[in-house]
Amino acid sequence: MAKIPGYAGKILYVNLTQRTSEAKDLSEDLIKNFVGGPAMNARLAYEIIKPKTEFSSPENVILINIPPFMGTFAPSAGRASIAAISPQTNSLAYSGTGGLYNLKFAGYDELIITGKADRPVYLKILDDDVEIVDADDLWGKDTMETTDIFWNKYGDDWNVACIGPAGENLVKYAAINSNKFSLFAREGFGAVMGSKNLKAIVVQGTKDIEIADRKRFRKVCDDARKLLMEDRYFGGWRSLGSLIGLGHFERAGMFPVKNQQEGAYEGIHDKIFSNKEFVTRLKSGDVACMACPVGCKHAIKIKGGTYDGKVASLSCLLSTIQTFGVTYTIKNYDETIVCADLCDRYGMDYFSIVNTVSYATELYDKGIITKKDTGGIAMEWGSPELMKELISKIALRQGIGDLLAEGCYWMGQKIGGEAPKYAVTVKGVDTIYDPRVPIFSPEMLSIYTNPKGAYPTLQSWTLGTKTTPDGLKPIMNILGVPQERQERILAEPTGGNEGGYNVPRLTKWYDEFYGLLDATGLCARSIFHVLGAERIAEMYTALTGIEKSSLEMLTDIERNYNIRRAFNVRNGFGKNDDLGNDRWATETVTWKGENYGPITYDRIGNLLAEYYNERGWDQEGVPTRQKLEELGLEDIAKDLEDYFPK
Amino acid sequence: MEETEKTKPFNMFIPSDKCSGCLTCLLVCSFFNQGVFSLAKANLRISRCDEGSRFMITFLPSCIKCGFCAKYCPWNAIERVKKIKEVK
């Protein structure tokens, strides 16, 4: 097969058990029907990973995809994708990170790692030279030390993706750190690497990426870059990164507190975590992923106070504040940064560690666990000293850390009794927002429906914002929603506080647009949504020479969603796993003196029925034979035969 | 060389510590001068300092001073100054 421009054209298979590697051609079917990113990973994972594979089994597989726009100057095309069985869901999960672009220059669109090494190793890739190297001397080192060791050894233009002690100890929310500033953060991919005794992947590449139509690609990318850099939010994004959302999120009631027992407290963005203080006292420089004109990551150097001179490489300040600062209530900027930095060094996801510690603190307050369970520790809210102690104990699985390392869902199952009903999870994954307080938008519904567990797909214009039908039309045009679907979304508004449109039907299209960004390698941050499906399709055609409309590309992503759903069905997931949890369904939450929720199981069930209908799934959320065949997924329709109505 | 723009000789200048490490300059360099995207074939390099949190730009001797890296740098971390004609 002739190489298709924009793609490197190869998959690199690495077997850690046998210590072998082999490069194979990337098939035309994968390129033309799955684009790249999570979509390509899902198709391959469905074929390679057997149903009900455990996350720590050597049969679990790590799939890393470098999507087609990565390695080009398409603005913000810096996002690689990973997939594997997650320790949190025990089903197929995915995550994205700004790094590992050198894989593409080494000649690979996809890296597939199977098996388990018999001792600690790292994977070294330099073009066609692939080596599995012993790494006993690196085991136990933190992510920053490990990265520095590789940069000193091979050069600081090598990509390094590594785990820290948390991944080695199979903490179920261990992260993979990429070049210090980026993370495959959520869902425990670090633990999957740890289970394979794989400390790091280090990559350099010297090959070329071809372009089908240079003139057209340059023009469409120049236009896209101009659009972004003239956007009214560009300056804010450049200066503040994700913190640009802090005030908006606070006003919209997005931040949960104390394991979602309370709504957010007052004074978050304007007093305790002020943007002025961030810019003048904490930030030392902007850091960008590949080809990104925004640069939302931050080099931190604290000026003054206890931590004067401390340097930290943080990927997302909004997450830092939301988790350590708001959810766990450490009301001190420097301490939240120090906690986040410690987490990064051990290699863990901020959301899951804070949600787990918060869950345990609530259980302690309720007397469900006691000092006997915590090893004598008095659990309390807002203590930076305790949080730092727990971060270390969790990463090393020492004392109470061993239980906390299981994450909310599995910890609840282990404790038993009343505990599971306070675990605020969906499909085993702890949640970053409480959907009871903000305006119920597609972002909120996708927390329930996302095949990978409790995580919103596209976080966009409707997040915490009431949107009128007139306001929604241009948004739907940008997302590429076909006219006849737009009419139905507007004609059948759902009740409650959602605004005048059909939330579940629009959610399907949010999923698809988000998937399109992921599949091409574009960043999913909200500022990049203005690029729109049509322009993305034109960029894709100019780069690859494959003529595709925006709707055709969105259909490729629909294929991805159906495969992910089928994967979950095959692993025993059904409608019940989309219903959320007892806290959301049965309890109210108070924010600024008002009560919100619950979102009852009946109500969410009604919304799911419309979402499934928009997707062409049956009322149990199983993709129908007709839908799968329409998408050319006949093999998957055959697999799901037992789940179809007789 | 990209066919739509003529080579213009510039003096390249790195004014301050503005580089964010996005590598746009390397991608632009290889695109306009080699017709492909390649980090290896670019005529400049980005290296790291301050524990990997800041970045330094270095031009290789192969740089032809076409100025595209400066034109495209989103941080204005590279500036180009048009060469003044020598008057005899």
Side-chain angles (χ1 to χ4, degrees), chain A residues 5-6 70-78 98 101-102 104-105 127 144 147-148 151 155-157 160 179-181 204-211 214-215 217-219 221-222 225 228-229 234 238 284-295 297-301 311-314 543, chain B residues 1-8 14-60 62 66-79:
Chain A
M70 262 187 101
T72 78
F73 58 33
S76 88
Y101 45 81
N102 278 345
K104 185 91 163 272
F105 293 108
D127 294 336
M144 303 294 157
T147 305
D148 281 334
W151 280 346
D156 62 12
D157 51 356
V160 178
N179 291 348
K180 292 194 175 183
F181 278 94
Q204 179 61 292
T206 63
K207 297 186 182 180
D208 300 341
I209 297 168
E210 307 280 343
I211 309 108
R214 288 208 302 271
K215 197 171 167 185
F217 189 64
R218 178 191 171 186
K219 168 86 170 61
C221 289
D222 283 356
R225 199 176 300 105
L228 288 169
M229 294 184 75
F234 179 79
R238 171 69 70 85
S284 64
D286 298 314
V287 178
C289 296
M290 182 171 239
C292 178
V294 171
K297 297 174 189 301
H298 311 294
I300 302 284
K301 193 167 192 176
V311 172
S313 314
L314 296 186
L543 176 65
Chain B
M1 187 64 177
E2 176 65 14
E3 48 283 341
T4 55
E5 294 212 20
K6 287 180 187 169
T7 308
K8 292 173 187 170
I14 302 163
S16 62
D17 174 32
K18 288 182 183 173
C19 178
S20 72
C22 75
L23 303 173
T24 299
C25 50
L26 275 76
L27 297 167
V28 163
C29 179
S30 59
F31 178 85
F32 285 105
N33 293 308
Q34 309 285 341
V36 294
F37 290 112
S38 162
L39 299 181
K41 287 181 178 167
N43 295 322
L44 68 169
R45 293 285 180 268
I46 305 292
S47 55
R48 298 171 195 265
C49 54
D50 280 359
E51 300 180 34
S53 66
R54 302 308 316 136
F55 305 91
M56 290 185 302
I57 304 160
T58 314
F59 290 97
L60 302 182
S62 52
C66 65
F68 280 109
C69 55
K71 186 179 170 190
Y72 274 79
C73 174
W75 270 264
N76 300 320
I78 307 172
E79 286 181 10

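Just so it is clear: chains get the letters A, B, ... in the order the sequence lines come, proteins before strands, and each one is counted from 1.
With rounding to the nearest 0.5 Å, the separation of CZ in B:Phe31 from CD1 in A:Ile211 is 5.5 Å.
Heavy atoms only, all atoms of each residue included: B:Ser53 and A:Val311 are closest at OG-CG1, 4.5 Å. A pairwise comparison of heavy atoms in B:Trp75 and A:Ala288 identifies CH2-CB, 3.7 Å as the closest pair. Closest approach of A:Gly71 to B:Leu27, counting heavy atoms only: O-CD2, 3.4 Å. In terms of heavy-atom proximity, B:Ser38 sits nearest to A:Phe105 at CA-CE2, 3.8 Å.
Residue contact with chain B, scored on non-hydrogen atoms closer than 4.5 Å, is absent for A:Lys301. Using a 4.5 Å cut-off between heavy atoms, B:Arg48 contacts chain A through both its backbone and its side chain. Contacts of B:Cys19 with chain A are made by backbone atoms alone, with heavy-atom separations under 4.5 Å and no side-chain atom involved. When heavy atoms are compared at a cutoff of 4.5 Å, A:Met229 approaches chain B solely by way of its side chain, counted from C-beta outward.
Remark: side-chain polar atoms of A:Arg214 are not paired, donor with acceptor, to backbone N or O of B:Phe32 under 3.5 angstrom. Under the 3.5 Å distance criterion, the side-chain polar atoms of A:Lys180 are matched with a main-chain donor or acceptor of B:Glu51.
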### Task
Take A:Asp208 and B:Lys41 through the side-chain contact (heavy atoms from CB on, under 4.5 Å) test and state the conclusion after the steps.
CA-CA 8 Å; A:Asp208 300 341; B:Lys41 287 181 178 167; 2.7 Å; yes
### Query
What do the steps show when you test B:Met56 against A:Asp156 for side-chain contact (heavy atoms from CB on, under 4.5 Å), and what is the final call?
CA-CA 11 Å; B:Met56 290 185 302; A:Asp156 62 12; over 6 Å; no
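Ring planes of B:Phe37 and A:Phe73: perpendicular class, angle over 60° (limits at 30 and 60°).
Residue with the most contacts toward chain B among A:Gly285, A:Ala312, A:Gly205: A:Gly285 (heavy-atom pairs, distance under 4.5 Å). With chain B as the partner, the residue from A:Ser284, A:Pro293, A:Ala299 showing the most heavy-atom pairs under 4.5 Å is A:Pro293. In terms of heavy-atom pairs under 4.5 Å with chain A, the best-connected choice from B:Asp17, B:Thr24, B:Leu23, B:Leu39 is B:Leu39. Here A:Val294 is the residue among A:Thr147, A:Asp148, A:Val294 with the most heavy-atom pairs under 4.5 Å with chain B. Options A:Asn179, A:Ile209, A:Asp222 differ in how many heavy-atom pairs under 4.5 Å they form with chain B, and the most are formed by A:Ile209.
Ion pairing between a basic and an acidic side chain is recognised when a charged N comes within 4.0 Å of a carboxylate O; A:Asp157 and B:Arg45 show no such pairing.
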